[in-house]
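Before any comments, here is the structure.
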Amino acid sequence: MCFKNLPIAFDEQGNAYLKEDVANPYEYKVVDLGVEQDKLKSLMEKNGFIRSVDYDPVTRVAGALAFHSVVDLQEKKVLSTNSMATLFRGYEIILKGRDPRDAAYISSRACGVCGGVHATTSALAIEMALGIKPPPLGIVMRNILLAIEYLYDHPLHLFLLSGPDYSEELVAATNPELIAKAKGRKAKNKAVHGYDTILDIMKDLNPLKGKLYLEALSMTRVAREAYVQIGGKYPHPQSVVPGGISVTVTISTLNEVYSRLIKFFDYGQKTTGIWDDIFDFFYEEDERYQQCGVRPATMADTGVWDRPDSYDGTFENCDKWGNDRWSTPGILVDGEVVTTNLSELNAGLEEFVEHSYYEKWDGQTYKTDAKGIPLSPNHPWNKETIPKPGKQSWRDRYSWDTCPTWDRMPMEAGAYSRMYLTAKAQRAPKSQFLENTGHSMIINVPKYNLPEAQLEWKIPEHWNAFERNRARAYCIPYSAMVAMENWQMAMQLLRNGETAVSTPYEIPKKGRHIGFGAWGAGRGFLTHHLIVENGLIDNYQIITPSTLNAAPRAPWGAPGPYEEAVLNTPILEKYDNPEDYKGIDILRAIRSFDPCMPCTTHIMAKDTDHVVTREVTTCACGIE
């Protein structure tokens, strides 16, 4: 049984049903957050004063996220956290009443870096709702587009947005004792990245001028050049449509993609070697770094990269084609796989707004899905987006983000989630370049300038900020090998004369049709839930990875992933006076999630009224 908290059970034949012995099956208790705030107030009064250390803004990009913490600098621990999305964007409302074919173009504007994934997720939702099956080449080309989009996003995160936290400049300012040790520490992976010592790597991680920073910027251009061969433009492609893609694909097109893709073979080896050396160094110097941003490996991922011989877009077969993906969908709870079925992943989703600036909706249009699995009144197909601006209050509502959960548990999302699930579940079909062992993923990288190599990402003992970033590095060769395998498929399809890239379709003018798109952004989990009625969009709900990660408290008080990770983070930074505190450990914890919005972090520091302004998060929106 995959559900432990929702009132859903399965009979011996595997059919789901709503438990009959539960009076109010979807009822939940709302915890008064004022109790915690009263305790903090008492602490302030007891100690004389607690003053704020504000990080404003938290990011290096555009968006709107704030983060509020209470930190005891004497005990060096975090006492309380609140994650706040501070801007209402309203794409779900904008899409209502429109032609479904508009959804791909409008929803892609939800992000300035990962617009392509939103366009594809929208197309998948329409394909499920209307019964559209793309031809093999259309499926394969969408896979290549996605992998290339990741090859843009991963270097950006690792070297431009999160990487500077481990640079010589920032380490010297926050933990100067590590610099002398880094100078004398030999790099284990010099053969692939060329650096003699850890300090040499740290120097080239320095923002704006370090060689690794500048090289990553160059590699994002290489990925963009490959992407536009198919997508037409980036970041908002015009070629992704329900039923496939809308451009002609030739061998010349694929050759242009290949000439850029192969550059990531060596770059993937180099990147994994660099971050293995950096993170191993931090652990060896102070094992407490393993607690930075730590939380249970409780994660959700929708899986990506469809098999052309399996994907038909239907809800009826979604468990089959979902499990056939190169990246396995599913749920992890405390590091264990609970399900890999898209239907169960979908059925367990709920969104709560008790601590968000929205009104609770009434009614429950869908009590079950097409397979008969019970759906909560809080499921995205039943949800309505009703904005309700109000005063910010840590006791009540404090975010424009909702609180999505699966089986009443907050879920983390990330590029690493798809790697973790795929490696652990061992459900993905056999691959030429990838092997999943149950405890690791083995990636066979072909020769380019460097010799061919077998890389192995291992599931870590502790799930923390450093391991999120380490896994993100291994996502570069992972994505490159999926792209390579799909490139080979595309070449064979063209040789066989299978040149069709899309399936014609019409929007039905009558009736109600529902579907959901399950795909993935560079940051992980992404779904679009769609209801089409009489030819127009009646309801549209988007759950992004940052919706999951930046979630405010659940109604019953459970913290969102950002909030929990920061709560568990020890303060290891060195400072003589509270006024010198910069908050690097908290910033590393937040940035490891690659938040897709600029954040403002407000840290209340005991025994200081010092205000520090720092940039914190990531995402490429507006970086150029």
- Task: Applying side-chain hydrogen bond (donor to acceptor under 3.5 Å, both in side chains), run through Asp319 and Ser343 and close with a yes or a no.
- Result: CA-CA 6 Å; Asp319 292 341; Ser343 63; 2.9 Å; yes

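- Between the CZ atom in Arg408 and the CZ atom in Phe352 there is a gap of 4.0 Å [rounded to 0.5 Å].
- Atom NZ of Lys360 has more than 12 heavy atoms from other residues, nucleotides or ligands within 6.0 Å.
- Interatomic distance, CD of Glu344 versus SG of Cys2, reported as 4.0 Å (0.5 Å rounding).
- A distance of 5.0 Å separates CE in Met299 from CG in Leu332, rounded to the nearest 0.5 Å.
- Counting non-hydrogen atoms of neighbouring residues, nucleotides and ligands closer than 6.0 angstrom, the NZ atom of Lys371 exceeds 12 such neighbours.
- The nearest pair of heavy atoms linking Asn346 to His379 is O-NE2, 2.9 Å.
- For Phe466, the ring-ring contact (aromatic ring centres under 6.0 Å, His included) partners at least two apart in sequence or on another chain are Tyr166, Phe279, Phe282, Tyr283, Tyr289.
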- Task: Carefully, step by step, assess Thr365 and Trp381 under the rule side-chain contact (heavy atoms from CB on, under 4.5 Å).
- Result: CA-CA 8 Å; Thr365 305; Trp381 273 330; over 6 Å; no

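- In terms of heavy atoms, Phe516 sits closest to Met128 at N-SD, 3.4 Å.
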- Task: List the steps, then state whether side-chain contact (heavy atoms from CB on, under 4.5 Å) holds for Ile542 with Thr527.
- Result: CA-CA 6 Å; Ile542 301 172; Thr527 59; over 6 Å; no

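- The ring-ring contact (aromatic ring centres under 6.0 Å, His included) check on Trp406 picks up Phe3, with sequence neighbours excluded.
- In this structure, Arg468 is positioned above the aromatic face of Phe593, its NZ or CZ under 6.0 Å from the six-membered ring centre and within 45° of the axis.
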